[in-house]
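Read the structure below first, then the notes.
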Amino acid sequence: MPLIAFAVLAGSAYTANEGRKARRDAENQQAKALLQQQSDAAAMRAELAKQTLEYSKQGASLEEQAKLAKQQFETAQLQYGENKAAMEAKAKEVQAAAEEERRKAAASEASALKARTRGGRRSLLSQERMDSELGIGSTTLGSGMMVQ
């Protein structure tokens, strides 16, 4: 019986030793896994911080581009306004010049019509040949031809 007791005791000690060994291995595995998780989390935080920095740089760049585009748009609007005002002024000048030209042409035409209707061309003819009541008083025309 002592041998059986010793065998049971030795078996129990061996099992207990194997249990402790398995527990230590499990603790070591858990410690390694925890360290790996911590290093992974630290790497992920570093990568996230890097991406955040990159995104903030991109955001700042996009914001700067937006400001530049807005300034260019405002400049273009200002130039458009100036060009439009200049074009309108030029159009008014051209209209005024055309109106003046029309007025001068109308005045010239009216003057010519007045001269024709009131005998303005007769003043160019010789007065000895003209008789306002009787017509031509001379028997010769300007080229020396005889009137019958």
Side-chain angles (χ1 to χ4, degrees), residues 1-133 135-136 141-145:
M1 213 83 119
L3 200 53
I4 294 180
F6 178 71
V8 169
L9 215 65
S12 294
Y14 178 76
T15 304
N17 191 26
E18 286 298 315
R20 276 192 296 271
K21 196 179 201 187
R23 194 187 71 216
R24 262 190 253 128
D25 286 344
E27 285 176 356
N28 286 339
Q29 288 289 336
Q30 283 183 340
K32 284 180 184 177
L34 185 60
L35 287 174
Q36 183 64 39
Q37 286 176 354
Q38 287 174 347
S39 69
D40 289 347
M44 192 172 9
R45 281 192 297 272
E47 183 65 27
L48 188 60
K50 208 162 112 182
Q51 286 178 351
T52 303
L53 180 64
E54 186 65 31
Y55 289 150
S56 67
K57 285 180 184 177
Q58 288 176 356
S61 173
L62 290 174
E63 195 173 311
E64 187 64 32
Q65 288 175 355
K67 285 180 184 177
L68 182 61
K70 184 178 179 183
Q71 287 175 348
Q72 288 174 343
F73 176 74
E74 289 172 353
T75 303
Q77 289 291 68
L78 182 63
Q79 287 176 349
Y80 172 77
E82 291 171 356
N83 289 343
K84 184 178 178 184
M87 294 283 266
E88 287 174 354
K90 185 70 173 172
K92 285 181 182 178
E93 284 180 29
V94 169
Q95 255 183 340
E99 186 63 34
E100 182 66 22
E101 190 66 32
R102 281 193 293 271
R103 188 189 62 73
K104 284 182 182 178
S108 174
E109 189 176 321
S111 168
L113 181 61
K114 182 178 178 182
R116 280 193 303 267
T117 59
R118 295 191 182 165
R121 291 185 183 175
R122 291 183 184 188
S123 64
L124 299 176
L125 298 174
S126 170
Q127 289 297 325
E128 70 183 38
R129 291 183 32 209
M130 301 303 291
D131 186 355
S132 61
E133 291 182 11
I136 299 175
L141 294 176
S143 64
M145 293 177 35

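In what follows, every heavy atom counts, from backbone to side chain, and hydrogens, waters and symmetry copies are set aside.
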Rounded distance (nearest 0.5 Å) linking atom [atom1] of [X] with atom [atom2] of [Y]:
X	Y	atom1	atom2	value
M44	Q51	CE	CD	11.0 Å
Q36	Q38	CD	CD	10.5 Å
Y14	K21	OH	NZ	7.0 Å

Exercise. May I ask you to test the T15-S12 pair for a side-chain heavy-atom distance under 4.5 Å?
Key: no
Self-check item: Side chains of L68 and Q65 in contact at under 4.5 Å (non-hydrogen atoms)
Solution: no
Quiz item: Of all residues at least two apart in sequence or in a different chain, which pass the salt bridge (Lys or Arg N to Asp or Glu O under 4.0 Å) check with R45?
Solution: none
Quiz item: For E18, which residues count as a salt bridge (Lys or Arg N to Asp or Glu O under 4.0 Å) partner, sequence neighbours excluded?
Solution: none
Quiz item: Between S56 (side chain) and L53 (backbone), is there a donor-acceptor pair under 3.5 Å?
Solution: yes
Exercise. Look only at the side chain of T75 and the backbone of Q71, and say whether a donor-acceptor pair between them is shorter than 3.5 Å.
Key: yes
Quiz item: Going by atom types only, do D25 and Q29 share a side-chain donor-acceptor pair under 3.5 Å?
Solution: no
Practice problem: Applying side chain to side chain contact (heavy atoms under 4.5 Å, CB included), run through K32 and L35 and close with a yes or a no. | Solution: CA-CA 5 Å; K32 284 180 184 177; L35 287 174; 5.7 Å; no
Quiz item: Would you find more than 12 non-hydrogen atoms of other residues, nucleotides or ligands less than 6.0 Å from E101 atom CD?
Solution: no
Exercise. Begin with the C-alpha distance, continue with both residues' side-chain angles, and end with the deciding distance and a verdict on salt bridge (charged side-chain N to carboxylate O under 4.0 Å, His left out) for R24 and E27.
Key: CA-CA 5 Å; R24 262 190 253 128; E27 285 176 356; over 6 Å; no
Exercise. Begin with the C-alpha distance, continue with both residues' side-chain angles, and end with the deciding distance and a verdict on side chain to side chain contact (heavy atoms under 4.5 Å, CB included) for E100 and R103.
Key: CA-CA 5 Å; E100 182 66 22; R103 188 189 62 73; 2.4 Å; yes
